[in-house]
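Beneath this line is the structure, given in structure tokens, with notes to follow.
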Amino acid sequence: MGKVFYISRRTGIVVIVAAAAVIIIALTVVYAQKSRNEVKPVNDTEVWKNYRLPTSLAPVYYNVTLWPRLVMDANGMYIFTGHSGAAFTCVNETDLILIHSNKLNFTLTRGGHHAMLRGLSGAKAPAIKKTWLEVETQYLVVQLSEKLQVGSTYWLYTEFRGELADDLHGFYRSEYVEDGVKKVVATTQMEPTDARKAFPCFDEPAMKAVFHMTLIHPLDTVALANGMETGSWTFLTILVLPKKSTQFEPTEKMSTYLLAFVVSDFISIKTPAEAKVLIRIYARRKAIEAGQGEYALNITGRILDFFQNYYNSKYPLRKSDQIALPDFSAGAMENWGLITYREAALLYDPSMSSNGDKEAVSTVISHELAHMWFGNLVTMKWWNDLWLNEGFATYVSYLGVNDAQPTWNMKDLMVLEEVHKAFAVDALPYSHPLSSREEEVNTPTQINALFNSITYSKGAAVLRMLSGFLSEPVFVSGLSVGHFETYTVNVVDSDPAVKLPASVTEIMNRWILQMGYPVVTIDTQTGRISQKHFLLDSESEPDRPSVYKYVCYTPMRTNSEWVLANVNVSGFYRVNYDSQNWQRLISQLTSDHSVIHLVMLLAKIINITVALSATRYLSEEREYMPWGSTIKNLDYFFQMFHRTEVYGAMEEYLRGKVQPLFNYFKTITADWTEIPSSHTDQYNQVNAISFGCRTGVEGCVNLTKTWYRQWMENPDKNPIHPNLKMPVYCNAIAAGGVEEWEFGWKMYKNSSSATEADKLMYALSCTKTPWLLKRYLDYAFDPDLIRKQDAPFVIVYIANNVVGQSLAWDFIREHVFEYGGSSPLFGRLILSVTNRFSTELELNQLQQFKKETAAAGFGSVLGLDQAIETTKANMKWVAENKEQVMRWLSEELA
């Protein structure tokens with residue numbers, strides 16, 4: 001039981017609203033210019049056994065030259081060679097240099113060392129006593145005969161070679177085929193800990209420096225890096241074709257994880273010469289020539305202007321390059337001056353891409369541009385505070401798109417696209433706080449594990465809540481991005497008319513330093529409000545204690561004679577009421593649903609029949625937000641009941657609710673020949689078809705089969721509108737057989753549009769034919785058939801198919817060693833593939849799998865622990881609700 005506030009029984013209104021007296025984002029984050037708190041080393045004598053760098057050295061600048069080979073060598077490998085120099089200052093007296101290096105082969109000096117050291121500005125460098133590579137902690141260790149002098153600057157020089165592998169990390173290789181010719185791209189993904197795979201560096205976010213880059217590359221390619229190219233020249237080498245050497249202007253002082261460089265034969269489009277910031281969009285020649293970069297070029301400048309005004313700070317660079325890569329592990333990466341994207345996140349083809357694709361491109365671009373200030377200019381001290389980097393960029397990305405596309409209702413869509421997602425993950429006892437203790441985040445595996453929905457979506461939801469109860473103008477007034485590495489904290493005078501119950505730091509620490517969120521219960525009969533830590537399984541216990549006892553300050557707004565709190569889901573918490581108020585809300589929905597939009601009503605916090613009663617009015621609902629929220633919630637019912645007799649009754653009941661929506665869109669689109677004008681109506685048209693076909697609405701599946709058959713008969717002319725392709729492809733392939741699947745596969749392989757390929761990749765998982773699904777799983781392990789970046793998606797898509805779920809689970813267990821049982825990707829795959837588990841047998845399989853992975857040395861896998869807890873909660877929910885749901889449905893259908 002948490003803190004209790006009282007409301008007037010007469011009005012039923014809670015006012016725990018805030019104005020100012022704020023220290024905005026004092027929160028728990030201390031940014032990089034402030035002295036780094038010492039983290040007690042694990043090993044005081046052999047410091048190279050620690051994953052964190054000592055604070056004895058501080059980098060100043062690097063000179064790096066790299067030469068990627070875009071053809072195989074005699075050993076059948078793609079490699080790169082390079083040399084680099086790192087200038088660093090001695091901060092604390094030491095006779096040891098630790099610098100990160102991973103999977104690099106060094107050219108030894110005459111003395112047999114991995115590096116050379118000299119002093120700068122008159123400093124005398126000690127002799128090198130010994131060097132070696134510490135593989136586990138990824139260091140090049142340089143032991144000196146004497147100690148370095150505090151305040152002196154030194155130069156560490158190395159020569160090396162590495163593999164230009166296709167592993168999507170560090171300096172890596174991407175391949176594509178154009179006009180039957182294989183093309184190779186050398187590109188990068190450094191975040192979080194892979195700059196050390198490209199050259200030796202002090203690879204921690206607080207270790208900022210200036211980078212001077214030079215790239216050697218074939219004459220028919222273009223080289224890009226963070227800075228603007230300053231010049232290039234051609235040179236000849238023995239036995240090889242002429243090469244070009246391109247130099248770039250020095251970067252701003254920045255972290256290693258923001259480095260980027262690319263060598264490709266891509267072409268670009270750009271802003272006019274008079275533009276204040278040069279914006280260039282790079283991609284495959286055919287994609288640019290087809291106009292797929294035009295939308296990104298157009299919207300980038302608009303969003304960049306918005307953020308310059310929002311932060312009250314000019315964009316600090318001369319150019320903003322954005323490049324679409326055929327192979328890329330993330331959605332995009334905010335490298336300063338050279339943002340990298342997977343193709344579907346940057347390229348937009350109006351003839352092939354949907355409005356959802358357009359929104360996705362917009363929000364990803366906005367997210368990355370937001371980082372140019374918050375993340376790049378000011379940077380977290382250590383990865384334990386990654387949430388503020390990514391949560392902030394996620395939150396303001398919606399503001400950026402809202403400014404560029406004001407008719408899209410982006411601020412409302414954030415509830416469905418971010419808050420819902422965070423609610424689901426953060427209700428598990430194996431969740432984690434937004435900000436962890438530094439000592440809990442050390443290894444690359446631990447760092448990578450933080451790139452998850454808690455960091456991005458919950459971080460955004462909590463900052464949205466902070467902005468909501470302070471008001472956006474007050475929130476923004478506290479953001480002042482100063483010069484490099486500083487984060488200014490502004491104090492805003494309080495409004496004497498309204499007071500906060502505590503300081504912003506005290507309020508926000510309860511959301512940041514403890515995991516989870518509360519369910520707030522309002523009793524309108526007594527006026528009593530209480531809160532409780534919400535868990536999917538109410539009887540489970542969180543795996544970590546909290547000094548705040550899982551109590552939060554919850555800003556709240558309510559209204560009218562019926563109480564509806566947390567309006568627009570502005571706070572990151574769920575709400576429950578006494579039964580009388582629930583009935584009043586349901587009555588309001590039934591009599592006039594336009595007054596309120598009750599989203600997320602089916603959360604597992606109330607009697608299941610009360611929740612289901614709120615769906616009765618849906619036959620009258622035409623708006624996207626209520627339908628989108630309801631479908632997300634009902635998806636859990638489908639997952640839990642798909643193997644029981646409840647499924648048929650639920651399908652029949654919901655068919656009656658979605659039929660009017662299906663008919664509505666059939667009418668307003670002139671029998672599906674037109675597309676609604678509103679952005680959210682376009683989304684709801686997709687809901688009408690996808691949910692209509694799922695529940696067996698008459699004519700729905702035949703509609704999709706007809707369109708798909710027309711396409712099969714004339715592959716060069718696709719009659720299906722881009723907005724509708726996803727549900728049409730999926731349902732047609734599900735209702736079809738081998739012929740439909742093979743056609744979809746052929747079109748997937750031949751597609752020149754990344755967004756079109758993504759839709760087909762998903763639709764191929766919809767087939768009900770088991771052997772096709774098994775073959776598709778096998779394809780996912782062949783990079784010649786499915787790109788490595790896409791393989792995890794194929795596995796998850798197949799697992800979401802009732803027919804394919806057990807196949808995907810068997811596949812994961814069979815290939816655990818290939819995926820690496822301790823990798824964050826593996827944990828996320830486990831959680832996604834098992835999300836519908838709800839039986840004792842499935843729980844036993846998970847627990848046995850945990851034992852097997854532990855015995856194999858994989859250690860603890862967060863996703864596996866979360867899967868076990870989710871399965872337990874699912875089992876309990878089915879046991880408690882199956883009979884009630886069946887009885888309620890039977891009564892409704894009688």
Side-chain angles (χ1 to χ4, degrees), residues 28-32 36-37 39-42 48-55 98-103 134-139 167-170 172 188-198 201-208 254-259 329-331 333-335 371 375-376 379-394 425 430-459 512 515 544 819-829 831 858-863 865-866:
T28 60
V29 179
V30 182
Y31 269 72
R36 183 170 122 185
N37 296 332
V39 177
K40 185 176 176 60
V42 176
W48 51 85
K49 300 291 186 184
N50 301 318
Y51 283 94
R52 293 292 299 275
L53 285 167
T55 56
L98 296 184
I99 190 167
H100 285 110
S101 172
N102 186 27
K103 298 183 179 179
E134 196 66 31
V135 175
E136 182 179 349
T137 47
Q138 302 178 353
Y139 288 130
D167 60 357
L168 311 181
H169 298 290
Y172 72 92
T188 56
Q189 172 56 30
M190 305 305 196
E191 189 181 36
T193 59
D194 285 318
R196 64 193 69 173
K197 287 183 66 181
C201 55
F202 299 93
D203 200 10
E204 292 189 359
M207 295 286 192
K208 291 190 172 186
M254 68 182 197
S255 305
T256 50
Y257 79 86
L258 294 170
L259 273 170
S329 59
M333 178 61 211
E334 66 268 19
N335 315 297
H371 276 307
N376 297 8
T379 310
M380 68 219 159
K381 175 182 61 162
W382 183 241
W383 297 105
N384 64 307
D385 277 325
L386 176 66
W387 80 271
L388 192 49
N389 229 28
E390 297 298 350
F392 190 89
T394 301
V425 178
Y430 278 94
S431 183
H432 64 84
L434 282 172
S435 182
S436 304
R437 294 189 298 272
E438 281 193 54
E439 59 268 24
E440 292 180 347
V441 183
N442 287 299
T443 70
T445 297
Q446 290 168 337
I447 294 167
N448 273 288
L450 293 177
F451 289 81
N452 58 32
S453 296
I454 296 296
T455 296
Y456 286 74
S457 298
K458 181 182 178 178
I512 295 164
M515 68 182 191
R544 62 176 74 206
Y819 271 100
S822 60
S823 74
L825 171 61
F826 179 72
R828 290 193 286 270
L829 270 176
L831 194 56
F858 290 149
S860 177
V861 180
L862 178 60
D865 290 331
Q866 290 177 329

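- Counting only heavy atoms from C-beta outward, the side chains of R544 and P433 approach each other to under 4.5 Å.
- Within the structure, salt bridge (charged side-chain N to carboxylate O under 4.0 Å, His left out) pairs that include any residue of residues 449-458 comprise D426-K458 (at least two apart or interchain).
- Between L259 and M254 there is a side-chain heavy-atom pair separated by less than 4.5 Å.
- Ionic pairing of D167 and K197 is present here: one or more N-O contacts between side-chain nitrogen and carboxylate oxygen are shorter than 4.0 angstrom.
- Here N384 pairs with nothing under the side-chain hydrogen bond (donor to acceptor under 3.5 Å, both in side chains) rule; sequence neighbours left out.
- Evaluated for a side-chain contact (heavy atoms from CB on, under 4.5 Å) with L258, the options M190, E191, K208, M333 yield exactly one hit, M333.
- Within the model, atoms OG1 of T137 and CG of N442 stand 11.5 Å from one another, a figure rounded to the nearest 0.5 Å.
- The side-chain hydrogen bond (donor to acceptor under 3.5 Å, both in side chains) test applied to H371 returns H367, E390, not counting sequence neighbours.
- Here the side chains of F202 and L98 are not in contact, with every heavy-atom distance at 4.5 Å or above.
- Qualifying side-chain contact (heavy atoms from CB on, under 4.5 Å) partners for P192, counting only residues two or more places apart in sequence or in other chains: W383, I447, N448, F451.
- A distance of 12.0 Å separates OG in S436 from CD1 in I512, rounded to the nearest 0.5 Å.
- Under the 4.5 Å side-chain criterion, counting only non-hydrogen atoms from C-beta, S101 is not in contact with Y139.
- D203 pairs by the salt bridge (Lys or Arg N to Asp or Glu O under 4.0 Å) definition with R196, not counting sequence neighbours.
- A search for side-chain hydrogen bond (donor to acceptor under 3.5 Å, both in side chains) contacts involving S255 returns nothing, not counting sequence neighbours.
- Applying the salt bridge (Lys or Arg N to Asp or Glu O under 4.0 Å) criterion to E134, with sequence neighbours excluded, gives K49.
- Under the 4.5 Å side-chain criterion, counting only non-hydrogen atoms from C-beta, V441 is in contact with L450.
- Contacts of T193 classified as side-chain hydrogen bond (donor to acceptor under 3.5 Å, both in side chains), with partners at least two apart in sequence or in another chain: none.
- Among residues two or more places apart in sequence or in another chain, the ring-ring contact (aromatic ring centres under 6.0 Å, His included) test is passed with H432 by none.
- Between the CG atom of L434 and the OG1 atom of T455 there is a distance of 7.0 Å, given to the nearest 0.5 Å.
- Scored by the ring-ring contact (aromatic ring centres under 6.0 Å, His included) test, Y172 finds no partners at all (sequence neighbours excluded).
- Between the side chains of E136 and Y51, at least one donor N or O lies within less than 3.5 Å of an accepting N or O.
- Using a 4.0 Å cut-off between a side-chain N of Lys or Arg and a carboxylate O of Asp or Glu, E204 and K381 do not qualify as a salt bridge.
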